[in-house]
Engineer: 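A single structure is presented below for examination.
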Amino acid sequence: MNGNEMITQELCKELDMKDGEMKEFQVQGQSILLVRNNGVFSAVGNKCSHFGAPLSKGVLVGDRVRCPWHGACFNVRNGDIEEFPGLDSLPCFKVTVENGSVCIVTNKKELESAKRVKCMSSRSAGDRSTVVIIGTGPAALVCAETLRQEGYTGRIVMVTRDKHMPYDRTKLSKSMNAKAVDIYLRPAEFYKDHDIEVWTEKEVVSINSDDARVKFKDGSFLQYSQLLIATGSRPREIKCPGSTLKNIFYLRFPEEANAISEAANGKNVVIMGSSFIGMEIAAFLADKANSVSVIGRSDVPFQAVLGAQIGEVAMKLLKEQGVNFYMRTEVREIREDNGQVKEVILRNGTQLPADVVVAGIGVTPVSNFVKGSRVAVDTKGAIYVDQFMRTSVPDVYAAGDVVSFPLAMMDGHRVNIGHWQMAHAHGRIAALNMLNKQVPINSVPFFWTSLLGKSIRYAGFGEGYTEIVMKGTLEELKFLAFYLK
């Protein structure tokens, strides 16, 4: 059978499905999701374009299906991605209903494509405008792609001080030995095909919004019509004596993840910080290092965000794999032997043997280059934006971990949220408003963490909660927690 030859296959009888129901069907070995809504049948690919989760196990509300793993949403009528994470839409199939039989009409080529890239415009020689995007994280990439999807024909230039094309940063702490090229979000040809320039190893040092241009470390300049700042955050540096010794690592780039993974093999590792990055690194290294010790200021890991009960269970999970915890303390000093890390001294005098130290003590927004410009930032360095991702300067937008933005579900309360999903959403909203669409940010925050094959997923904004209502069995990590205020 050639790829374009038509395939018609009966999926079910019309009466087999009720309104508001969805079911998975196999067509020539491919998984298809059939949905009935308001008497109309529609069919899309059943695998989420993010990590391939079965959407049939998700939730259907109206014409929108939500992925059971990481919350991405797709329109079941056309397959379009409407909420993140993920970049691509689903393949959409023709459905016919004749004599009570519901059939799918497609071809082999369509069936075998698990993802669908939305149609994009190309650059036009007649359009002299330029959108400059500083950063290559999800906010930056989604902004560039959305501009092309919405018909923008000007020049798009993404610039980064990194040496890589956009990659999946969530995997740095979960799969630390992954090669950078294996976690690229798009292949290099994608950017060529859609006229998106990506300048790597090109660091921005300042912005002149009066002249509408950015200045690079090498002394060169780039003029913009509109600018997006999507530089994310950087790890907070440790300040104790010995903090500049060899084998002290931070995690921001693939090379650093690889270096930690390599250096930790069979060695004694001390991880400073017991939040999500620190815990994921500890979980990854638990069966590779000689010893793993986690140091945290709180009583248990994740305490501020997830609460003591969940933190206790997560700590127990890692302890069972031999990870040691030193809580309610911090590092006083890191001692050396020939310039290399030798041991870590805690505030209470405890001495921990250490060949490798990983610092995961929080992050700060990368916004130092806007100093001296008219772009307003808060006391922590986060760039102020409104609900349209506009900064205090016309034609300058910002998105992702670097911003302080009004959260719709909290009546516009300002937040700085470093979630992978939210950065995607910011990038899309920034692009739509660059094109004068007047669309506000309205996404509900969502993040996930993975520890030893167990996943904890969090939706909403629970800062300042006063009570946690627990359902299910916490000890088995099969539970639902509601954060109330």
Side-chain angles (χ1 to χ4, degrees), residues 48 50-51 53-61 64-73 83-85 170 173-174 271 273-284 286 292 294-329 360-362 407-411 413 415-422 425 443-485:
C48 177
H50 180 226
F51 279 170
L55 295 172
S56 54
K57 290 185 163 42
V59 176
L60 180 69
V61 179
R64 180 184 265 204
V65 61
R66 183 176 287 273
C67 171
W69 288 0
H70 304 120
C73 292
E83 189 55 86
F84 305 96
T170 66
S173 53
K174 297 175 178 76
I271 297 168
S274 61
S275 197
F276 298 98
I277 297 295
M279 289 289 280
E280 287 181 1
I281 293 171
F284 181 81
V292 177
V294 175
I295 301 161
R297 288 180 174 179
S298 54
D299 296 336
V300 295
F302 306 149
Q303 188 167 347
V305 180
L306 300 181
Q309 290 168 281
I310 295 170
E312 189 80 53
V313 171
M315 186 161 76
K316 184 169 173 270
L317 188 69
L318 266 63
K319 273 183 175 177
E320 286 167 1
Q321 299 301 312
V323 176
N324 305 304
F325 285 87
Y326 298 86
M327 305 303 291
R328 293 192 295 275
T329 189
I361 55 169
L407 185 60
M409 66 168 282
M410 298 298 287
D411 299 325
H413 168 69
V415 293
N416 169 235
I417 290 179
H419 298 347
W420 188 246
Q421 161 264 354
M422 189 57 82
S443 291
V444 173
F446 178 94
F447 73 85
W448 76 95
T449 186
S450 301
L451 300 172
L452 304 168
K454 302 283 186 184
S455 181
I456 297 172
R457 304 186 278 269
Y458 181 106
F461 185 75
E463 196 176 275
Y465 67 86
T466 52
E467 186 189 350
I468 302 177
V469 175
M470 203 71 72
K471 308 276 185 186
T473 319
L474 184 57
E475 293 68 35
E476 293 175 21
L477 279 173
K478 291 180 179 175
F479 68 93
L480 184 59
F482 296 92
Y483 296 83
L484 312 178
K485 189 174 182 179

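Computed from a predicted model, the values in this text were never measured in an experiment.
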Engineer: Could you state the interatomic distance from CG (Leu480) to OG1 (Thr473), rounded to the nearest 0.5 Å?
Structural biologist: 12.0 Å

Engineer: According to salt bridge (charged side-chain N to carboxylate O under 4.0 Å, His left out), does anything in residues 468-485 pair up with another residue at least two apart or in another chain? List the pairs.
Structural biologist: none

Engineer: Pairs in or reaching into residues 444-458: which pass salt bridge (charged side-chain N to carboxylate O under 4.0 Å, His left out), with residues at least two apart or in two chains?
Structural biologist: none

Engineer: Once rounded to the nearest 0.5 Å, what's the spacing between atom CG of Leu407 and atom CG of Asn416?
Structural biologist: 11.5 Å

Engineer: What are the two closest heavy atoms between Pro301 and Phe325, and how far apart are they?
Structural biologist: CG-CE2, 3.8 Å

Engineer: Look up atom CE in Met327 and atom CD1 in Ile295, then write down how far apart they are to the nearest 0.5 Å.
Structural biologist: 10.0 Å

Engineer: Listed by chain and number, what are the salt bridge (Lys or Arg N to Asp or Glu O under 4.0 Å) partners of Lys174, not counting sequence neighbours?
Structural biologist: Glu280

Engineer: At what distance, to the nearest 0.5 angstrom, does OG of Ser455 lie from CG of Leu477?
Structural biologist: 10.0 Å

Engineer: Assess whether side-chain contact (heavy atoms from CB on, under 4.5 Å) is satisfied between Trp420 and Phe84, documenting all intermediate values.
Structural biologist: CA-CA 9 Å; Trp420 188 246; Phe84 305 96; over 6 Å; no

Engineer: Report the C-alpha distance between Tyr458 and Ile456 in whole Å, list the side-chain angles of each, state the deciding distance to 0.1 Å, and finish with yes or no for side-chain contact (heavy atoms from CB on, under 4.5 Å).
Structural biologist: CA-CA 7 Å; Tyr458 181 106; Ile456 297 172; 5.7 Å; no

Engineer: Using the ring pair (Phe, Tyr, Trp, His ring centres under 6.0 Å) criterion, which residues pair with Tyr465? Sequence neighbours excluded.
Structural biologist: Tyr483

Engineer: Looking at every heavy atom in both Phe446 and Gly71, which two are closest together, and how far apart are they?
Structural biologist: CZ-N, 4.2 Å

Engineer: Looking only at heavy atoms, what is the nearest atom pair of Leu451 and Ala314, with distance?
Structural biologist: CD1-CB, 4.1 Å

Engineer: Measure across Lys57 and Pro68 and return the closest heavy-atom pair with its distance rounded to 0.1 Å.
Structural biologist: O-CB, 3.6 Å

Engineer: One pair to check against side-chain contact (heavy atoms from CB on, under 4.5 Å): Val313 and Phe479. What are the steps and the verdict?
Structural biologist: CA-CA 11 Å; Val313 171; Phe479 68 93; over 6 Å; no

Engineer: Return the set of residues passing side chain to side chain donor-acceptor pair (under 3.5 Å) with Glu83 (not counting sequence neighbours), or none when no residue passes.
Structural biologist: Ser443

Engineer: List the residues meeting side chain to side chain contact (heavy atoms under 4.5 Å, CB included) with Leu60, not counting sequence neighbours, and say none if there are none.
Structural biologist: Met22, Val35, Val65, Val76

Engineer: Strictly by salt bridge (charged side-chain N to carboxylate O under 4.0 Å, His left out), give each pair with a member in residues 296-319 just once, sequence neighbours left out.
Structural biologist: Arg297-Glu330, Asp299-Arg328, Lys316-Glu320

Engineer: With sequence neighbours excluded, what pairs up with Ser450 under the side chain to side chain donor-acceptor pair (under 3.5 Å) test?
Structural biologist: none

Engineer: Among Val294, Ile310, Val300, which one satisfies side-chain contact (heavy atoms from CB on, under 4.5 Å) with Met315?
Structural biologist: Val300

Engineer: Taking only residues two or more places apart in sequence or in another chain, which ones pass ring pair (Phe, Tyr, Trp, His ring centres under 6.0 Å) with Phe51?
Structural biologist: His70

Engineer: On a heavy-atom basis, which atom in Gly460 and which in Val444 lie closest, and how many Å separate them?
Structural biologist: N-CG1, 3.7 Å

Engineer: With sequence neighbours left out, write down each residue that passes side chain to side chain contact (heavy atoms under 4.5 Å, CB included) with Ala286, or none if nothing qualifies.
Structural biologist: Gln321, Val323

Engineer: Which residues pass the ring pair (Phe, Tyr, Trp, His ring centres under 6.0 Å) test with Phe284, sequence neighbours left out?
Structural biologist: none

Engineer: Could you list the residues that satisfy ring pair (Phe, Tyr, Trp, His ring centres under 6.0 Å) with Phe276, not counting sequence neighbours?
Structural biologist: Phe302, Phe447

Engineer: Any side-chain heavy atom of Gln309 within less than 4.5 Å of one from Leu474?
Structural biologist: yes

Engineer: Atom CD1 in Ile277, atom CD1 in Ile361: separation rounded to 0.5 Å?
Structural biologist: 13.0 Å

Engineer: Taking all non-hydrogen atoms of both residues, which atom of Met279 and which atom of Ser274 are closest, and how far apart?
Structural biologist: CG-O, 3.6 Å

